[in-house]
Amino acid sequence: MSQTEIPPTTGVLPEFVVPAANDADRTFSLYVHVPFCVSRCGYCDFNTYISPDLGPGASHESYADTAIKELEFAADTLEQSGIDAKPLHSVFYGGGTPTLLAAQDLNRILQRARELFGIKPGAEITTEANPDSLSEQAVQTLAEGGFNRISMGMQSSVSHVLQVLERTHNPDNVYAAAKWIRDANLDLSLDLIFGTPGESITDWHQSLDAVLAVRPDHVSAYGLIVEEGTKLAAQIRRGVYPNTDPDDQADKYLVTEERLTTAGYRWYEISNWAYDPQEQGIHQSQHNLAYWRDQNWWGIGPGAHSHIAGVRWWNAKHPAAYASRVLDNISPAIGREIPDAEARLLEQIMLGVRLSEGLELSVLTSQSESEAQAALAETRRLADQGLIESAALEDGRIVPTLKGRLLDDAITRRLAGF
């Protein structure tokens, strides 16, 4: 894999890059990173900052203008590179807490993206939010500006679990915010975390009860990963809390699958379920699917990553450094890489075996004949062991079973060994 730093005087796309043969088939999405939070959660290792003012172009009041300037840079770069920037397939604002910015500012960024690139009819346009960062008026303003989906960070409905995670929102506010979102005719997604130290199986059932009472269109549920460098990791090392338990997380995952499936939700990615009782593929996150399907996207904001024409790059991480470069008419990107064939194959396997649509068997059989035969033999062993679906394999797809979802890393390692 070729990885380089980007000098300030150059663009993010090297001159020698030619769009890949399948680039014409790729969709084009936009990610907008908003790095501000009211407080930093103990488990969080995202690129977020508590201060509302980190310098010129990096405050609550000025950030939208900086993001818009990078949007304009993106449009110019794509035009100069000869790459067709299609109308946006999806837009996703993440963070941080995007809704700490004024709803009008979020709308201004979206409107400029619409002017520069266009937005496909029916495109999914999402912002993340915390329950305490929303108001009824803000939700209505977002709807009027073109947003059609809100992904709300609930994590848990149990106070002592939220305390360990250092989530500051009032769990009762989830219900009020959900009503505002529904009244504005927006889709609602709820994010959950299971396996927090001290969380019992009863606690997890209580959180699922709260989710099902709200009836969101989409649910994301992730097992807690304790990242090095976080406050929670330090607390666990000191014995303040016990470490996470993989068996406990597996039990809670199985409970999640059973309860959501019974309620009409269908898994489409290991950690994601969409309300889809008739199994029509509705309410799945189109933006996340764009990532998992290796589509094109431009990431706006500090630390944001992008992928266009087989090239990946990332922006300066600190908001002040990012804003300084943008305001000085310098690319905010500080590094890029062009994954080689081996790296891309590994990613295809890793992402494909997480999806209910599965990984095309042809991805493995397109290698050398000896490697293809070895890979086919391994897929048969995986099916015999109940880790992938035999019927799907007969149809040329590798789809994990429920047991396989719990062991997806092992499936990836075994398939990537050839």
Side-chain angles (χ1 to χ4, degrees), residues 37-46 48 95-97 99 128-134 150-182 188-227 230-265 267 270-275 405-406:
C37 277
V38 171
S39 62
R40 189 169 184 84
C41 302
Y43 67 93
C44 179
D45 73 336
F46 296 158
T48 63
T97 307
T99 45
E128 290 184 333
N130 286 337
D132 291 353
S133 69
L134 288 174
I150 290 182
S151 179
M152 190 156 53
M154 176 179 171
Q155 318 313 355
S156 173
S157 68
V158 181
S159 295
H160 76 84
V161 175
L162 292 171
Q163 184 176 358
V164 174
L165 295 173
E166 297 193 2
R167 297 287 294 184
T168 59
H169 71 264
N170 181 342
D172 291 338
N173 288 350
V174 170
Y175 300 101
K179 183 179 184 305
W180 300 332
I181 293 167
R182 291 300 192 203
L188 169 64
S189 179
L190 291 179
D191 287 355
L192 295 171
I193 292 176
F194 57 83
T196 298
E199 178 189 62
S200 68
I201 194 70
T202 300
D203 292 333
W204 183 239
H205 272 289
Q206 181 178 323
S207 290
L208 291 173
D209 288 341
V211 167
L212 295 175
V214 171
R215 283 285 176 184
D217 303 287
H218 183 276
V219 177
S220 298
Y222 303 98
L224 177 65
I225 298 174
V226 181
E227 302 285 0
T230 61
K231 182 178 179 180
L232 181 58
Q235 290 172 319
I236 289 173
R237 278 198 306 272
R238 296 199 308 270
V240 177
Y241 299 119
N243 208 341
T244 55
D245 180 350
D247 291 334
D248 170 70
Q249 292 197 351
D251 289 343
K252 289 170 181 171
Y253 183 88
L254 294 174
V255 166
T256 305
E257 167 67 11
E258 190 277 328
R259 293 203 58 187
L260 291 180
T261 299
T262 299
Y265 294 82
W267 83 280
I270 284 178
S271 298
N272 290 272
W273 291 259
Y275 184 68
R405 282 188 259 163
L406 296 173

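Everything quoted here is computed from the prediction, not taken from an experiment.
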- line: Tightest non-hydrogen contact, residues E128 and G95, listed as OE1-N, 3.1 Å
Expected output: side-chain S271 to main-chain S220 donor-acceptor under 3.5 Å: no
- request: Identify the heavy atoms of Y275 and P216 that sit nearest to each other, and give their distance.
  value: CB-O, 4.0 Å
message: Is the shortest side-chain heavy-atom distance between L232 and V240 below 4.5 Å?
response: no
- request: Check step by step if side-chain contact (heavy atoms from CB on, under 4.5 Å) holds for S156 and I193.
  value: CA-CA 7 Å; S156 173; I193 292 176; over 6 Å; no
message: For the NE2 atom of H218 and the OG atom of S151, what is their distance to the nearest 0.5 Å?
response: 8.0 Å
- prompt: Got a second to check how far S157's OG is from D203's CG, nearest 0.5 Å?
  reply: 8.5 Å
- request: Would you name the heavy atoms of M152 and L134 that are closest together and state the gap between them?
  value: SD-CD1, 4.1 Å
- prompt: So, the side chain of N243 versus the backbone of I236: is there a donor-acceptor pair under 3.5 Å, distance only?
  reply: no
task: Report the residues that fulfil side chain to side chain donor-acceptor pair (under 3.5 Å) with Q155, sequence neighbours left out, ordered by chain and then residue number.
output: none
- prompt: Taking atom NE2 of H205 and atom OG1 of T256, what is their separation to the nearest 0.5 Å?
  reply: 8.5 Å
- prompt: Do I270 and Y253 have side-chain heavy atoms sitting under 4.5 Å apart?
  reply: yes
- request: State, with a plain yes or no, whether a side-chain heavy atom of S207 is found less than 4.5 Å away from one of V158.
  value: yes
side-chain contact (heavy atoms from CB on, under 4.5 Å) between Y222 and N272, worked out: CA-CA 8 Å; Y222 303 98; N272 290 272; 3.8 Å; yes
- prompt: What do the steps show when you test Y43 against V226 for side-chain contact (heavy atoms from CB on, under 4.5 Å), and what is the final call?
  reply: CA-CA 6 Å; Y43 67 93; V226 181; over 6 Å; no
task: State, yes or no, whether a side-chain contact exists between T196 and Y241 at a heavy-atom distance under 4.5 Å.
output: no
Donor-acceptor contact present, side-chain R259 to main-chain A263, <3.5 Å: no
message: Which heavy atom of A233 sits nearest to which heavy atom of E227, and what is that distance?
response: CB-O, 3.4 Å
- prompt: Are the side chain of E199 and the backbone of G195 linked by a donor-acceptor contact shorter than 3.5 Å?
  reply: yes
query: Can you name the side chain to side chain donor-acceptor pair (under 3.5 Å) partners of E258, sequence neighbours left out?
result: T262
Rounded distance (nearest 0.5 Å) linking atom CG of D251 with atom CZ of F194: 10.5 Å
query: How far apart are the C-alpha atoms of L212 and Y265, what are their side-chain angles, what is the distance that settles it, and do they pass the side-chain contact (heavy atoms from CB on, under 4.5 Å) test?
result: CA-CA 10 Å; L212 295 175; Y265 294 82; 3.9 Å; yes
task: Mark yes or no for whether Q249, through its side chain, and L224, through its backbone, hold a donor-acceptor pair below 3.5 Å.
output: yes
field: Crowding at CD, Q163 (>12 non-hydrogen neighbours, <6.0 Å)
entry: no
query: Under 3.5 Å, is there a donor-acceptor pair between the side chain of R167 and the main chain of G153?
result: yes
- prompt: Tell me, do L208 and V219 make a side-chain contact under 4.5 Å, heavy atoms counted?
  reply: no
task: May I ask you to decide if A129's main-chain N or O and S133's side chain share a donor-acceptor pair within less than 3.5 Å?
output: no
- request: Would you indicate whether the side-chain heavy atoms of P171 and L162 approach each other to under 4.5 Å?
  value: yes
message: Would the distance check show the side chain of N130 and the main-chain N or O of D132 forming a donor-acceptor pair, the cut-off being under 3.5 Å?
response: no
task: Identify the two heavy atoms, one from A178 and one from V214, that lie closest to each other, and give their separation to 0.1 Å.
output: CB-CG1, 3.6 Å
- request: Report yes if some heavy atom in the side chain of I225 is under 4.5 Å from a heavy atom in the side chain of T244; otherwise report no.
  value: no
task: Look up atom NE2 in H169 and atom OG in S39, then write down how far apart they are to the nearest 0.5 Å.
output: 11.0 Å
message: With a 3.5 Å distance limit and no angle check, can you tell me whether Y175 reaches the backbone of A213 through a side-chain donor-acceptor pair?
response: no
Note: R182-D217 ion pair, threshold 4.0 Å (strictly below): yes
query: Roughly how far, to the nearest 0.5 Å, is OG of S159 from CG of D172?
result: 8.0 Å
- prompt: Taking all non-hydrogen atoms of both residues, which atom of T97 and which atom of C37 are closest, and how far apart?
  reply: OG1-SG, 3.6 Å
